[in-house]
Every structure is written in structure tokens, then in C-alpha cells.
Amino acid sequence: MDEIGKRKKDHLDIITTGFAGYEKTAGFERYDFIHDALPEVDYDEISCETRFLNRWFSFPLFISSMTGGHHDATPVNAIIAAFCEQYNLPFGVGSQRIMLGDPSTRKSFSVVRDEAPSAFIASNIGGAQLADGIEKAQVDLLIESIRADAIIVHLNPLQELRQKHGDRRFSGIREGIRSLVQEVQVPVIVKETGAGLSEGVISQLIDCGVAAVDVAGAGGTSWGKVENIRNKSDNRHFTDDWGIPTVDCILASSEAVQSKCELIASGGIRGSEDIAKSLCMGAVIAATAQPVVKAIHNGGYDGLEALFKSWEEDFRTILCLLGCERPTDLDMIHLRRVQSR
Ligand SMILES: Cc1cc2nc3c(=O)[nH]c(=O)nc-3n(C[C@H](O)[C@H](O)[C@H](O)COP(=O)(O)O)c2cc1C
């Protein structure tokens, strides 16, 4: 296994077996729902259907980009794909950079289309790979290998700086994103990987013409910490807790986003309360990574299905207790800031 494949396997192992979370929280506990004792809504009439990038999904949850490129990734991607096909949920594969240099890794990605012929699937490439421009043939390969419905560019300067052989050049990424948007036929989504997108960065991305931004804020998986664990360091490093909490990202960006692009809330989404609060704050859909790989690690497909069913039931309960019939009814008026937190 080459260096990138080994790193990807380490990431999966660390996330599924260790604690690689932020000390700071995503910030959802700062808000409480305002209970509606007179909801005037019938529980059985509630619909969780969500429209995102011109497609309807059964529930406002995107399974975040995670893996691919090594042997252990294939069954994980196959399970995520089969699950998303069954429940009509959108998902992304992990960074496809490795398959550009090593064709033997392609199966670990293309398996998703075999398992999910009709699901919404997003490609994934790092912003650093766009800094010098990327050949059209390479972009086509990323997209065609999984017949992708969108392409996600991940921004992860913190993680790169904490990796021994990580990328060190970040200039040129913004123009690389702008070119990509003009070049491809599918929507371009830009995400962080857990340190968050600020309002200023989101404004720049909107100016580049991206279709959606995923804030991927701090409070969930800490990539500073993951790399610290990989470096076998017992010492806390300040980057373990570096980043903008997810709630701050969502609230700061909802004005910049308005109707110009769609907002995905992620980073520390750990249940339906977090999903519902994100939608109240202006996100169209929420996304989650760590709970998905943990559920698969502990229980395979059935584990993931059980997690989803419990989240779906909780989400319906929340909608009902707020007097809402559908996700788009969620609004800031349903939240109250908790002063003491
Ligand atoms: C095992 C694992 C691998 C990941 N690999 C990628 C990746 O290749 N590309 C990417 O954009 N994000 C990747 N991520 C980051 C997630 O998509 C997500 O942004 C981040 O983990 C924060 O979400 P969470 O707190 O729900 O885990 C990965 C996450 C996990 C858990």
C-alpha cells in the first residue's frame, strides 16, 4: 500500500477506534427549541423530504465524503452506497486523488455506482490539487469513474500542515475552484473538513460560482488531533482544537449565502437535534461523517440502518413538537438562545 493509501487506512482506524474529537463543541447546546404545546400538526402527515441541488431526498442528511483508495475502504463505501440507494440519501466518496496516480485503487471508488445505480453521489478532490490547475482529462476521470452527480472540493490546510508530507502550497486554490466551476457540467460543492468556513471564505466561494458550501465546522472530528495521533505524539497541540464552531459558521454565513448557493451544515452533527437546529439556522441539509463510519464499524449495514432509523424518528418528533410539517418550516423562530451556556 502506498503512502496515501496507508494514511487513509490510518484515518479510518483512528476514527473508528479512538477519540479524535474537538474539546470545543459545535455550539448546538447554546440553543434550545421552543416547545409548541399546540402544534396543529399530525405526526403521520409529517414529511422529511428535502430538496437539495434540484433533487428530492427522503431526509435532510448528506453522508459526508470519507473514504476510498485502500482495501478496507471498498466494503465501507459499498455499505454507504447500498444504504443511500435504499433510503434515497446523497453521499460523497473520499478524496479520489489516489486513483489519478494508481489505477488499482479505482474499484474502491467505483463500487459505489455498482451498489447505488440511482443515488446522488459526489466526487471528491482536494483544493491543493487545483492550485496549479488540474487537467480536464483528470477531472473527467474523477467524475466518470462513479458517474458523479456533483464534485466536492475539500479545503483542509490545517490537516495538510500537520501531516509530515502534507501540501504546503495553498495559493492558487481559489482560482482553481473558479476554473473548475466553469469547466464541469455538474455542480461544484466546496467543504472544509472540520475546521470550518468563515463568512469571508464563503463569500469568496460564492464569487467563484460554487453551487453549495459545506461549512464542516469545529466540534466534531478534529483533523489536527487525528494527525497528532498519527504522529504518535502524546502532547496536546494547539491545532487539536483549532477551528470555527459549526454553529458560528452557519449563523455567520446564512446572510452571505441567501439565495446565491445552498448551505450544508456539518462538523459535529451527532443526532437529529443538531440536524433540526442547523435547518432552523438556515442550512438546507446537514451532513455527518464520524457516526456513519462508527456505526458501520460496529454493526455493518444493519448498524448504519439502525442509526438512521433512530435519527429519522427523532427528527419527526422534533418537527411535530415545533408544529412543523416539513424541514423547510424550520426557522430561527423555533430556537431560543440559552443565556447560561
Ligand atoms: C474516516 C474519515 C475520512 C475522511 N476523509 C475525507 C476525504 O477524503 N475528503 C473530505 O472531503 N473529507 C473527509 N473527511 C471529513 C468529513 O467529510 C467531515 O468533513 C469531517 O469529518 C467532519 O464531520 P464529522 O464531525 O461528522 O466527522 C473524512 C472523515 C472521516 C471520518
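Remember, it's a predicted structure, so these values are computed and weren't measured experimentally. Ligands are counted one by one from 1 in listed order, and the atoms in each one are counted from 1 as well.
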Checklist line | Ser118 vs Glu85, side chain to side chain donor-acceptor pair (under 3.5 Å): CA-CA, chis, key distance, verdict | finding: CA-CA 7 Å; Ser118 64; Glu85 180 76 10; 2.6 Å; yes
How far is [atom] from its nearest protein heavy atom, and which residue and atom name does that atom have?
atom: atom 29 (C) of ligand 1; result: Trp223 CZ2, 3.2 Å
atom: atom 8 (O) of ligand 1; result: Ser95 N, 2.8 Å
atom: atom 13 (C) of ligand 1; result: Ser65 O, 3.1 Å
atom: atom 10 (C) of ligand 1; result: Lys191 NZ, 3.4 Å
atom: atom 22 (C) of ligand 1; result: Thr193 O, 3.8 Å
atom: atom 27 (O) of ligand 1; result: Thr221 OG1, 2.5 Å
atom: atom 31 (C) of ligand 1; result: Ile15 CG2, 3.8 Å
atom: atom 5 (N) of ligand 1; result: Met66 O, 2.7 Å

Checklist line | Centroid separation Phe83 to Phe91 less than 6.0 Å | finding: no
Margin query: I need the atoms of ligand 1 closer than 4.0 Å to a non-hydrogen atom of Ser64, numbered in the order shown.
Written below: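 This gives 17 (O) as the contact atoms.
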Check: Of all the atoms in ligand 1, which lie at a distance below 4.0 Å from a heavy atom belonging to Thr288?
Finding: 26 (O)
Note to self: Looking at ligand 1, would Ser266 count as a contact under a 4.0 Å heavy-atom criterion?
What the structure shows: no
Note to self: With rounding to the nearest 0.5 angstrom, report the CG to CG distance, Leu335 to Leu330.
What the structure shows: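 Those atoms lie 8.5 Å apart.
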